[in-house]
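Structure first, then comments.
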Amino acid sequence: MTAATVAAPNARRRGRLRLRFISIVMLIILGGVAVASSLITQGVIRNQERVLLQERTEEAASVLSGAFAGVQQSLGLLGTLAGTGKGGSSSFATAARSVIVPSSEGLMVTTRRGSGMVVTAAAGDAPAVGQAIPADQEPLARRALSTVGMVSGLLPDGSHSWLAFALGNAAGPGTVVWERAEIAAKTSSKPLGAAWGDLIIAIYVTSRPDSSALIAANTKNLPLTGGIQYPFPVGAQKWLVVAESPNPLVGALAQNTPWIILIIGAIVAGLVTTVVEAQSRRRDYAAALVEERTASLRQAVAELQETQAQLVRQEKMAAMGQLASMVGHELRNPLAVIMNVLYLLEMMADAQGSEAMARHLATAKRETSAATLIVADLLDYSAGRAPMLTPVQVADLVAEVLSVVPPRAGIEVAQHVDPDVAIDADRDQMRQVLLNLITNGYDAMPGGGILDISVRSTGESAQITVSDTGTGMDEETRASIFTPFYTTKSRGIGLGLAVTKRVVEAHGGTISVQSTPAVGTSFTVTVRVGATMASVRQ
Amino acid sequence: MNAMNAMNPTTATKRPDVLVVDDEPGMRDTLVAILELQGYRVSSAPDGETAFAAVQDGAFDVVVMDIRMPGRDGVSVLEEMGNPPPHVILMTAYAQEERLRTAVEANAFAIIYKPFETRRMLGLVAEASQAVKERSQAAE
């Protein structure tokens, strides 16, 4: 579980540093949608703006066109008046004066005389009758004569210009009826009139935005490159109106709509990304948590299974222990009878003086003792009892044990036993300890050697040491010898030293071991001397 | 082995009386044989009841008795012995701690675990009969 819980926070910390893939994708998609929407809206609004401007320009052109249609009509009527024989000139002048409003306007009729054009009737600011028109006005006169319908043009005259309309053959063949008005300043920043609204416009007397043909504009920033150009008919020719709108015709709100869409889109993209990121992180966190919990659950289940298996094993061991204990107890009686029978047979062999029989009986006795020791160890291990302390003379116990397990061939027993050392001990258990240590010593010397048994008192403790000159043990073996069922012998169940340690510790004592491979092993049991050491029952 | 010094009772004027009590015939018979071989006057009983009756009737110096027997067990016989009681050596093949403590409290002379070294059993019987002898000498 620990490894899982360590890994998860690292993953979470890495997650904090950058957005998740899904969030980035979401941000890109929504951001793109916002930008696209904004651009499309901007296009639509620009288009709408242009349509509106076109409509307004058309309206303005239509007004202008209507106004100048009246001029052609007036010139036609005045020409008809002027062409009615005698008195035509004065009729013209009278009628013309009623038409002319500003003092800078003039009306006249010219007639071809030879190679030039001579004024035959005039009113307002116009040359006097009989006067020839200037040569630079000739081309307009010729154009008027060769054209059906009114022509118009700008006639420069010193510092100012004349806007002139000319209708050819209106007062008879070769005649031209003129109306002219002085244009002092072509451009002005003032509004041109209600018809134009707040448009910026420029009006040319030609169909192209030629600066020499400009007759009116309400701006000085000419030409109007980005405006709408709308040609409209004035008489027989086309004039041009160019219009621009300084303010959005669609309205300020509509104009700003793309930006509003972009900002709202960006905000929505940001919000959605944040929500997606948060959800994603929450989901990842939940997934990590689930993984962690699952891992710990799995571990718990595994532990539970292990515990269950262990319990089953323990139960089996307990059942086997119980069985071993039962069998062990039941073996004790027959073993005791066999020991008695062997004793009786020994007596008989002694009486008969049969050495062979005595030797065989000794073998049987030794093997019975070995069986007895195994049963005792098994019983003590499966159901060790608390020691029942009585005063024990250690020297007696050593002698008894040596009589039970006498040294084998090739082994010499050296005793350094203080006969006065007595301990408070469970005699039977302490006998088992000595039996185990001494038979172990024998087993460690298959090729013979010296088994040294020393018993001495060191003040409050009694020290019993059993040393052999046998094979010794390596470190690994030495570390395991007190473990139950550990054995290096070809026979035996590996309980002797485990039981020995348990018994010694149950007596409040200690057992230690020193061993050198190929040199030998020495076990030392230390227990308290008996309180009744001096008065042991004799 | 100081116990071995008093092992041969035939040197004494009166042969000590020993009662062997065990429900196992093999154990009972071999112990009787061994003790008789050593010169004791030996009787035997197969259970606690019989042993108790025998102790009440005759004066035994030493009783060698198994603890676990059918019916009355060795410890309960020990607890109700007459006066003066013989010295009782109890034998056991089982780890009956409670019964063993009761036996110690009831002044069992010794408790010996089966299987035992026959010589040790003989040593204990000799010790017990010597103790009885000393007790009767002190009483005189």
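- Residue B/Arg28: no heavy atom, backbone or side chain, is found under 4.5 Å from chain A.
- Annotation: A/Gln322, atom CD; neighbour count of heavy atoms from other residues, nucleotides and ligands within 6.0 Å does not exceed 12.
- If you take CE on A/Met388 and OH on B/Tyr113, they are separated by 5.5 Å, rounding to the nearest 0.5 Å.
- The minimum heavy-atom distance linking A/Asn333 with B/Ala93 is given by the pair ND2-CB, 4.1 Å.
- In this structure, CD1 on B/Ile34 lies 3.5 Å from CG on A/Asn340, to the nearest 0.5 angstrom.
- At a 4.5 Å heavy-atom cutoff, the contact between A/Ala386 and chain B is made by backbone and side-chain atoms alike.
- Heavy-atom contacts from other residues, nucleotides or ligands closer than 6.0 Å to CD of B/Gln137 number more than 12.
- Contacts of A/Gln432 with chain B are absent, with no heavy-atom separation under 4.5 Å from either backbone or side chain.
- Other residues, nucleotides and ligands contribute over 12 non-hydrogen atoms within 6.0 Å of the CZ atom of B/Arg72.
- Shortest non-hydrogen contact noted between B/Thr118 and A/Met339 is OG1-O, 3.5 Å.
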**Prompt:** Can B/Glu24 and A/Val337 be said to form a side-chain contact (heavy atoms from CB on, under 4.5 Å), step by step?
**Reply:** CA-CA 9 Å; B/Glu24 293 281 336; A/Val337 176; 5.6 Å; no
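- Rounding to the nearest 0.5 Å places OH of A/Tyr343 at 10.0 Å from CD of B/Glu117.
- Rounded to the nearest 0.5 Å, atoms CE (B/Met91) and CZ (A/Arg332) are 13.0 Å apart.
- Within the 4.5 angstrom heavy-atom criterion, no atom of B/Ile112 approaches chain A.
- Between atom NE2 of residue A/His329 and atom OG1 of residue B/Thr92 there is a gap of 8.0 Å, rounded to the nearest 0.5 Å.
- Summarising the geometry, atom CG belonging to A/Leu344 is positioned 10.5 Å from atom CG belonging to B/Asp29; distances are rounded to the nearest 0.5 Å.
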